[in-house]
Amino acid sequence: MMNLELSEQEMIRRQSLVELRKLGIDPYPAAKYEVNATTEEMLSKFDPEKNNFQEVSIAGRITGRRIMGSASFVELQDDKGKIQVYFKRDNICTEEDKTLYNTVFKKLLDIGDIIGVKGNVFITKVGETSVNVTEFTILSKSIKPLPVVKEKDGKTYDAFSDPEQRYRQRYVDLIVNPQVKEVFIQRTKIMNTMRNMFNDRGYLEVETPILQAIPGGAAARPFITHHNALNIPLYLRIANELYLKRLIVGGFDGVYEFSKDFRNEGMDRTHNPEFTVMEIYVAYKDYNWMMEFTEEMLEKVALALHGKTTVKIGNNEVDFKAPYRRLTMIDAIKEHTGIDITGMNEDQLRQVCKDLNIDVNDTFGKGKMIDEIFGEKCEGHMIQPTFITDYPVEMSPLCKKHRDNPELTERFELMVNGKELCNAYTELNDPIDQLERFQDQLKLSEKGDDEAMFIDHDFVRALEYGMPPTSGMGIGIDRLTMFMTGQESIQDVLFFPQMRPEKKAQKDDATAYTQIGIPEEWVAVFQKNGYNTVEGMKDVNPGALHQKLCGTNKKHKLGLQNPSQDDVKTWIENIK
RNA sequence: GACUCAAUAGCUCAGCUGGUAGAGCACAUCCCUUUUAAGGAUGGGGUCCAGGGUUCGAGCCCCUGUUGGGUCACCA
């Protein structure tokens, strides 16, 4: 019996599977299929004068069909694009028997099926490069109808555009929306460009633990999990900084990692609970060197993607050509508020915040207030890449104090389009200072700051053995990809953004129905008619229900013995 | 977390003042036989997100919830 939960189109496609097998055709064959050309190659390199591509073998998904009797055109999509494929009955079926064309191709193939074809490339009367098919093979039958997206002169018709469906069923999005695929190809290109640059300089790509006993290296709320054998809590990492610096202690002069980090915080257009960060640490360097390194890296990435250094982000054109402007945090505040906060104490700063209408409370220390002023009044104005340098020491417990001013640290963030893109330090390698800074964090935590850092004593111990002067930099890959590809939502640069689980309608199982006397084979018929729970049927009119049941039996040719009106009446009475 | 918008056929969307649920694409049947989002004709397809309420009557009005989008807050 057909599954009554299926749509009509799905039932028809499942029936096609049966028909194909009857004809001796396996809709899911095991054998490999030899491919010797891509759509991209054929479209760009076919030349009728050279008469090339005369024995191609290609494979892909059917995304459109135009059938006109004994001649048909099919859109075949492979990894690289689409090409038109021409099926002519008498080319496919050279003998008397025309089943392969009339039945298999015309009736049993559908949009969405994956097929292999052999033939020769030619140009049609209307001038489109096409493949003339002499032989085709079904490689995988599709039994769920694909959205059909059409396009003409850059205008898209019937786009598959519901964000929920696009993110939940990314596979469908990728099939029907080619521009989506492009974003992810570029994402990989961004990472490869960076990786190549680091490798060329001899830095080592490494891997460090995702499950950490102390989630360090950043201020954020972690996910917590539990290890059964050790019977201890473990945290999913919020950063990999402390582990990479241990490797610098261990004697590597340059290490980097593309890491998935996890933060148990809000989700919005720019935050996903798991996200990708690249962190790099280089020994014997300082943050001035790292600024130059970062500029060079971003310029390379922009060039690799676009062939030029300018990128359009929203309404802004951002130029990643090095060098970028450098501005201290204090100067940035002076520039955007007119207030010079140099040397101010906590009370004076609190007054400044009040004057600027910035919300602060008593738990805020000096550093956090300065950061608030910057975030509120300056950050949004930094459209072109700008290095903001010299952050207050309270905000940066892993960063070395500024060589000229102990209240500041040698830290920079790179601001692009009003958002933070990179964060970098001259790393703190003084173990005694580091321990004190961790202890200050503990005090903040006691004061009520729920995202202050934990003390990592093993990390301090590593520093006690001596870490060379080092500069480190972290960059959010998701955000970078958004900038570089012009996407406005993080969900558009992640294949599988986090979503709430899908919920299915609640249904009673078959025993609930059989308990009131309904034969098991009728349960699906009840549910097809919307009676998903027995409880929900207690007030229905038995006569109307009887008609619906018999109607469904007839319509879907189920061949069941219809119940009598009295049967139905008894079932309903049994509920009470 | 707050506010706000949305959810109707496989997809994209209409649906008036509350009165028998519609279109295009897709699908099926037949005809045509080199088309370009588009060949022609006919037809089938619905838990109008779920659950309550108001009403003679709810896709539409009210309440609660679910999922998603947007804005803000929190958060880097």
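Small disclaimer: the values here were computed from a predicted structure and weren't measured. In what follows, chains are A, B, ... by sequence order, proteins preceding strands, each numbered from 1.
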Round to a whole Å and report the spacing from [atom1] of [X] to [atom2] of [N].
| X | N | atom1 | atom2 | value |
| --- | --- | --- | --- | --- |
| A:F160 | B:A9 | CZ | C1' | 16 Å |
| A:D162 | B:C49 | CG | P | 13 Å |
| A:E502 | B:A50 | CD | C1' | 16 Å |
| A:R269 | B:A76 | CZ | P | 19 Å |
| A:N264 | B:C74 | CG | C1' | 13 Å |
| A:M267 | B:U67 | CE | P | 12 Å |
| A:R500 | B:G65 | CZ | P | 13 Å |
| A:Q165 | B:C11 | CD | C1' | 8 Å |

Nucleotide of [options] approaching [X] most closely (side-chain heavy atoms):
| X | options | result |
| --- | --- | --- |
| A:H271 | B:A76, B:U29, B:U35 | B:A76 |
| A:Q84 | B:A76, B:G10, B:U36 | B:U36 |
| A:D158 | B:U12, B:C30, B:C74 | B:U12 |
| A:P163 | B:A76, B:U35, B:G69 | B:G69 |
| A:K107 | B:G45, B:U29, B:U36 | B:U29 |
| A:I12 | B:A28, B:A76, B:G69 | B:A28 |
| A:E164 | B:A76, B:G68, B:A28 | B:G68 |
| A:F73 | B:C27, B:U34, B:U36 | B:U34 |

Using a 4.0 Å heavy-atom cut-off, does [X] contact any base of the nucleic acid, only the sugar-phosphate backbone, or nothing at all?
| X | result |
| --- | --- |
| A:V148 | sugar-phosphate |
| A:E379 | base |
| A:E151 | sugar-phosphate |
| A:E488 | nothing |
| A:R263 | sugar-phosphate |
| A:R168 | sugar-phosphate |
| A:K82 | nothing |
| A:A220 | sugar-phosphate |
| A:T270 | nothing |

Are more than 12 heavy atoms from other residues, nucleotides or ligands located less than 6.0 Å from atom CD of A:E182?
-> yes
Around A:K106, counting heavy atoms of other residues, nucleotides and ligands shown, do more than 12 lie under 6.0 Å from its NZ?
-> yes
Inter-nucleotide [atom1] distance ([N], [M]), Å rounded:
| N | M | atom1 | result |
| --- | --- | --- | --- |
| B:A73 | B:G59 | C1' | 35 Å |
| B:U54 | B:G44 | C1' | 37 Å |
| B:C56 | B:C3 | P | 34 Å |
| B:C11 | B:U71 | P | 26 Å |
| B:G57 | B:A14 | C1' | 23 Å |
| B:C60 | B:G18 | C1' | 7 Å |
| B:C32 | B:A9 | P | 36 Å |
| B:G19 | B:U55 | C1' | 12 Å |

Any side-chain heavy atom of [X] within less than 4.5 Å of one from [Y]?
| X | Y | result |
| --- | --- | --- |
| A:D78 | A:I58 | no |
| A:R437 | A:L398 | no |
| A:I475 | A:V277 | no |

For the residue pair A:R89 and A:N102, confirm or rule out a side-chain donor-acceptor distance under 3.5 Å.
-> no
Just say parallel, tilted or perpendicular for the rings of A:F105 and A:F87, cut-offs at 30° and 60°.
-> parallel
Charged N to carboxylate O under 4.0 angstrom, A:R166 versus A:D492?
->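 Salt bridge between A:R166 and A:D492, a charged N being under 4.0 Å from a carboxylate O: yes.
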What about A:T124: does its side chain form a donor-acceptor pair under 3.5 Å with the base of B:U36?
->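 Yes, a donor-acceptor pair under 3.5 Å.
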Watson-Crick or G-U pairs under 3.5 Å in RNA chain B, rendered as dot-bracket with [ ] for crossing pairs and | for another strand | (((((((..((((.....[..)))).(((((.......))))).....(((((..]....))))))))))))....
Report the C-alpha separation of A:S259 and A:N240 in whole Å, then their side-chain angles, then the decisive distance to 0.1 Å, and conclude whether the side-chain hydrogen bond (donor to acceptor under 3.5 Å, both in side chains) test is met.
-> CA-CA 7 Å; A:S259 65; A:N240 46 357; 3.1 Å; yes
Sidechain-backbone polar pair: A:K118 side chain, A:F136 backbone, donor-acceptor under 3.5 Å =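 Answer holds: no.
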Upstream residue (5' side of RNA chain B) when A:A71 and A:P147 are each assigned their closest nucleotide =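 This one resolves to A:P147.
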Verify the contact: side-chain N or O of A:Q491 to OP1 or OP2 of B:G69, cut-off strictly under 4.0 Å; return yes or no.
->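 Affirmative; the distance criterion is met.
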